[in-house]
Amino acid sequence: MVELKFRCTVNPPSDINNSGKASKKFSENLFIYSSNMPQYLSADKEKELIETATTLIVKGKGVLAADESTASMLKHFQPLGLENNEENRRLYRQILFTGSKELSNYISGVIFFHETFYQYDNNGKSFREILKDKGIIPGIKVDKGLVPLAGTNGENTTQGLDNLSERCAQYYRDGARFAKWRCALKIGDGLPSELCIRETSNVLARYASICQQNGIVPIVEPEVLSEGDHDLETCQYITEKVLAATYKALNEHHVFLEGTLLKPNMVTAGFDCKKKYKPEDIARATVTALQRTVPPAVPGICFLSGGQSEEEASINLNAINQYPGKKPWALTFSYGRALQASVLATWVGRPENVSAAQNQLLKRAQAHGAAAKGEYKGGASGTAGGQSLFEANRNY
């Protein structure tokens, strides 16, 4: 009888540090390498990024996404009979930022649109300073919207990489400490395509790398859209595929994961799916997808609401936090519509409704904050609490 022996070794690639040598021998057959290339991020910058990211995902707090573009605000104002001009947009954002300081108990950061980032309240104080005084971190939307991806069946990519480093440097000087960039992928017949997944993953990785070089924490947002009639299992499969590709790209671009946050969709069935699922089903599918794809080095996951009603966004986030599986990241929210729908419906452009509208924001933020701790009991009905906020072909 011939005895067969197998031995596996790890050999250092010849170009790992342009020397062909491993820097440190860990054991007989395993090496740890150190690169001779220039330091990607300084220790101080890494520390700052970690501090910002961890502050944003403190237990029971989440992010208010107030970064709707001018075109997107038109959709909000038209049903109210309001003109979509700069002053009305300023007055509306003023409602969001100038209410009770208690808001900071549930909101850790606010994502601004460029116009709003440089606006002031009626007393001449910048919105950025108002938030900082409350202990809320200013952030900024830096992408420039979805554009068609040629060679695909109606899919998109996201523009805005040109001059991004210069813009991030200026935003940092002006007080922004985190940013957001959205990519959107459709589920359908053969969608999302491999091309779309690869393109959006690389765009997100480039954005994240540029942000970090300028001291800004990138919120990475690969949104799998809820348009269509697909079931929960299909959404889970596609979400896993998209997230796996995203983190592969982030790794290839040497993005410092400890200084990032993820803003994904919850795993839900398509808006037109006939089958209805319980919050516990959504929680199981969502947490499983994240477990299979998101490294533990990522400090937090801030879900987008994806067209859910305000109440659904609270209930499903609560179920996710109550799910008993492994969850090495903070699981919280970065909601726009699911924090603002009742605010708009209460305000309707009338000055006498400002205080009541601010109370609606506080009430909903409190509900989402409780859900981020798995402690939401339900019942925080608002003016638009149970109203579906789904919008097809959403671009903002």
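Numbering starts at 1 and runs along the sequence shown. Reckoned from all heavy atoms, side chains included, excluding hydrogens, waters and symmetry mates.
In this structure, N85 contributes its side chain and N88 its backbone to a donor-acceptor pair below 3.5 Å. For the pair N353 (side chain) and T346 (backbone), a donor-acceptor distance under 3.5 Å is present. In this structure a side-chain-to-backbone donor-acceptor pair under 3.5 Å is missing from T234 to H230. Side chain of Q340 to main chain of A65: a donor-acceptor pair is present (N/O by atom type, distance under 3.5 Å, no hydrogens or angles). Side chain of N321 to main chain of K373: no donor-acceptor pair is present (N/O by atom type, distance under 3.5 Å, no hydrogens or angles).
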Derivation of the salt bridge (Lys or Arg N to Asp or Glu O under 4.0 Å) call for E310 and K363: CA-CA 11 Å; E310 291 178 331; K363 184 178 181 180; over 6 Å; no

Stepwise, does the salt bridge (Lys or Arg N to Asp or Glu O under 4.0 Å) test hold for K180 with E221? CA-CA 7 Å; K180 168 254 180 103; E221 183 178 349; 3.4 Å; yes

Report the C-alpha separation of R173 and Q170 in whole Å, then their side-chain angles, then the decisive distance to 0.1 Å, and conclude whether the side chain to side chain donor-acceptor pair (under 3.5 Å) test is met. CA-CA 5 Å; R173 288 192 292 270; Q170 185 62 55; 2.7 Å; yes

Just do the side-chain contact (heavy atoms from CB on, under 4.5 Å) check on E352 and W347 with the steps written out, would you? CA-CA 8 Å; E352 64 270 22; W347 174 54; over 6 Å; no

Under the side-chain contact (heavy atoms from CB on, under 4.5 Å) rule, what do Q366 and Y106 come out as? Steps first, then yes or no, please. CA-CA 6 Å; Q366 186 175 25; Y106 316 107; 3.3 Å; yes

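For the pair R177 and Y172, the cation-pi test (distance below 6.0 Å, angle within 45°) is passed.
Counted within 6.0 Å of CZ on R206, heavy atoms from surrounding residues, nucleotides or ligands total 12 or fewer; the atom is thus considered open. K47 NZ: 12 or fewer foreign heavy atoms inside a 6.0 Å radius.
Within the 4.5 Å cutoff, side-chain heavy atoms of P138 are placed close to those of K132.
Among all heavy-atom pairs drawn from V110 and I107, the shortest one is CG2-CG2, 4.3 Å. Looking at every heavy atom in both residues, A205 comes nearest to V255 through O-CG2, 3.9 Å. Residues R89 and T70 approach most closely at NH1-CG2, 3.4 Å, considering heavy atoms. Of all heavy-atom pairs between S104 and I136, the closest is CB-CG1, 3.9 Å. Contact record, G160 with W181: C-CH2, 3.5 Å, taken as the closest heavy-atom pair. Closest heavy-atom contact between G259 and P218: O-CD, 3.3 Å.
Salt-bridge annotation for R90 and E87: present, with a side-chain N of the basic residue lying under 4.0 Å from a carboxylate O of the acidic one. Between K248 and E252, at least one side-chain nitrogen of the basic residue sits less than 4.0 Å from a carboxylate oxygen of the acidic one, meeting the salt-bridge criterion. Between E48 and K45 there is no salt bridge, since none of the side-chain N atoms of the basic residue sits less than 4.0 Å from a carboxylate O of the acidic one. Between R364 and E311 there is a salt bridge, with a side-chain nitrogen of the basic residue lying less than 4.0 Å from a carboxylate oxygen of the acidic one. Salt bridge status for D133 with K125: present, with a side-chain N to carboxylate O gap under 4.0 Å. Ion pairing between R93 and E68 holds under the 4.0 Å rule for side-chain N and carboxylate O. Ion pairing of D231 with K275 is absent here, as no side-chain N (NZ or NE/NH1/NH2) approaches a carboxylate O to less than 4.0 Å.
Qualifying side-chain hydrogen bond (donor to acceptor under 3.5 Å, both in side chains) partners for K327, counting only residues two or more places apart in sequence or in other chains: none. Residues that satisfy the side chain to side chain contact (heavy atoms under 4.5 Å, CB included) test with A245, not counting sequence neighbours, are I197, S201.
Pairs of residues two or more places apart, or lying in two chains, that qualify as side-chain hydrogen bond (donor to acceptor under 3.5 Å, both in side chains) and include a residue from residues 187-199 are E155-S193, T157-E199, E194-K241.
There is no side-chain donor-acceptor pair under 3.5 Å between D143 and Q159. Side chains of H76 and Y92: a donor-acceptor N/O pair is absent below 3.5 angstrom, by distance only.
Of the listed residues (F127, F112, F113), just one forms a side chain to side chain contact (heavy atoms under 4.5 Å, CB included) with Q119, and that residue is F127.
Between H368 and F333, the angle of the ring planes lies from 30° to 60°, which puts this pair in the tilted group.
No continuous path of ILVMFWY side-chain contacts below 4.5 Å connects Y237 to V294, so the two sit in separate hydrophobic clusters. Linking ILVMFWY side-chain heavy atoms closer than 4.5 Å, directly or via other members, places L80 and I95 in a single hydrophobic cluster. There is a path of hydrophobic side-chain contacts, each under 4.5 Å, that joins I140 to L161.
To the nearest 0.5 Å, atom CG of residue L131 and atom OG of residue S108 are 11.0 Å apart.
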